Amino acid sequence: MNEQPLRVVVADDQALVRTGFRLILESEGIEVVAEAEDGEQAVAAVRRTRPDVVLMDIRMPGLDGLEATRRILADGAQDAPRVIMLTTFDLDHYVYAAMAAGASGFLLKDVTPEHLAAAVRLVRTGDALLAPAITRRLVERFARPAPPEAAAPHRELATLTPRELEVMTLLARGLSNAELAARLQLSEATVKTHVARILGKLGLRDRAQAVVAAYETGLVSAGSAPDPR
């Protein structure tokens, strides 16, 4: 049985970047179904081609990548594509805002060909692309705990079991499913079940939003010691 090829839209205002990413992805058997040079084109391309993944530059003329991501993910559809933000900087407040809007992670534009292809495949599975050290710095820099009166959307934290709270805390520190399984002495399948339940109870799209929620609800505090393992 042949698996359907991954289908990707590449949105970047630089033709050279788009061409380079297309060549890399196609050499890995990943189909680039459309290119876009601004946010408006990206939204239209996604609606037209219904890709699995969008590689979205943050800074583009006209409609930027952040607003384009919001529009693409606005209806919360289960079959919406995964969005990976592209940036030149590893600490950019737009990246944090994109994660909060539902993007599944981010890549620096100087990403290696191997990492690019692996990242696209990873987010297609429903995982999030979170480089632990960069993500922690990013969220700790820009996350602001919500005041009590604004915390209603995540009062569902009270519905999480002690184990789910433990999983979410470690997830927020950047641990992968394999690392979570090893730490908690669970199977990866059990970890995935815990993560899925956390996302469902909190109404979150994926692990990237769970990281944001963990900081903004105070489950993990900005400036707290990173996980030592």
Side-chain angles (χ1 to χ4, degrees), residues 1-90 92 94-131 135 177 192 196 199 204-209:
M1 184 176 69
N2 292 327
E3 185 180 351
Q4 289 294 318
L6 255 166
R7 304 173 73 254
V8 176
V9 166
V10 178
D12 193 287
D13 61 342
Q14 297 181 52
L16 189 59
V17 171
R18 298 196 305 273
T19 299
F21 279 10
R22 175 187 282 275
L23 291 173
I24 291 168
L25 294 172
E26 290 182 343
S27 73
E28 292 286 334
I30 297 170
E31 182 182 1
V32 176
V33 295
E35 295 181 17
E37 62 182 29
D38 59 38
E40 294 280 4
Q41 288 185 16
V43 173
V46 167
R47 290 172 178 166
R48 184 177 70 253
T49 64
R50 303 181 68 82
D52 301 298
V53 178
V54 181
L55 292 172
M56 180 79 75
D57 187 19
I58 290 178
R59 295 171 178 172
M60 293 185 289
L63 189 72
D64 66 18
L66 177 56
E67 182 57 31
T69 296
R70 288 194 183 109
R71 294 187 187 184
I72 288 168
L73 302 179
D75 60 4
Q78 287 297 107
D79 62 350
R82 300 286 167 170
V83 179
I84 300 175
M85 307 305 296
L86 301 171
T87 180
T88 309
F89 308 100
D90 70 351
D92 188 321
Y94 289 116
V95 180
Y96 174 76
M99 288 170 62
S104 295
F106 61 95
L107 289 172
L108 299 182
K109 286 191 181 181
D110 61 359
V111 61
T112 64
E114 296 79 9
H115 192 185
L116 177 65
V120 169
R121 292 191 174 102
L122 177 69
V123 298
R124 186 202 202 186
T125 68
D127 211 336
L129 186 67
L130 301 172
T135 300
N177 282 346
K192 288 179 181 178
L199 299 181
L204 302 171
R205 179 174 171 79
D206 63 16
R207 295 165 70 106
Q209 285 193 309

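Quick caveat: nothing in here was measured; it's all calculated off a predicted structure. Values below: every heavy atom of this structure, side chains too, minus hydrogens, waters and symmetry copies.
The shortest heavy-atom contact between Ile58 and Asp64 is O-CB, 3.4 Å. In this structure, Asp38 and Gln41 approach most closely via the heavy-atom pair OD1-N, 2.8 Å. In terms of heavy atoms, Leu66 sits closest to Met85 at N-CE, 4.3 Å. Nearest heavy atom pair, residue Ala80 against residue Leu73, reads CB-CD2, 4.0 Å. Nearest heavy atoms, Val46 versus Pro51: O-CD, 3.6 Å. Annotation for Ala45 and Val9: closest pair CB-CG1, 4.2 Å, computed over non-hydrogen atoms.
In this structure, Lys192 places its NZ atom where only 12 or fewer heavy-atom neighbours from other residues, nucleotides or ligands lie under 6.0 Å away.
Checking side-chain atoms of Arg7 against main-chain N and O of Arg50 turns up a donor-acceptor pair under 3.5 Å.
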List, one per line, each side-chain donor-acceptor pair under 3.5 Å for residues 25-36, sequence neighbours excluded.
unit_1 : atom_1 : unit_2 : atom_2 : d
Glu26  : OE2    : Arg22  : NH1    : 2.9
Ser27  : OG     : Leu23  : O      : 3.4
Ser27  : OG     : Ile24  : O      : 2.6
Glu35  : OE1    : Arg18  : NE     : 3.1
Glu35  : OE2    : Arg22  : NE     : 2.6
Glu35  : OE2    : Arg22  : NH2    : 3.2

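The side-chain heavy atoms of Arg82 and Ile84, taken from C-beta on, include no pair separated by under 4.5 Å. No side-chain heavy atom of Val8 sits under 4.5 Å from any side-chain heavy atom of Phe21. Contact of the Asp12 side chain with the Lys109 side chain is registered, since non-hydrogen atoms from C-beta on lie closer than 4.5 Å. Residues Thr69 and Val54 are not in side-chain contact: their nearest non-hydrogen atoms beyond the backbone lie 4.5 Å or more apart. You'll find the side chain of Glu67 stays beyond 4.5 Å of the side chain of Met60, heavy atoms only.
Between atom OG1 of residue Thr87 and atom CG of residue Leu107 there is a gap of 10.5 Å, rounded to the nearest 0.5 Å. Of the inter-residue distances, the one linking Ile72 atom CD1 with Met56 atom CE reads 3.5 Å to the nearest 0.5 angstrom.
Checked options Leu116, Val53, Leu6; the residue passing with Arg121 is Leu6 (criterion: side chain to side chain contact (heavy atoms under 4.5 Å, CB included)). In summary, of the residues considered (Thr88, Val17, Asp13), a side chain to side chain contact (heavy atoms under 4.5 Å, CB included) with Asp57 occurs for Asp13 alone.
Under the salt bridge (charged side-chain N to carboxylate O under 4.0 Å, His left out) criterion, Glu37 pairs with no residue, sequence neighbours left out.
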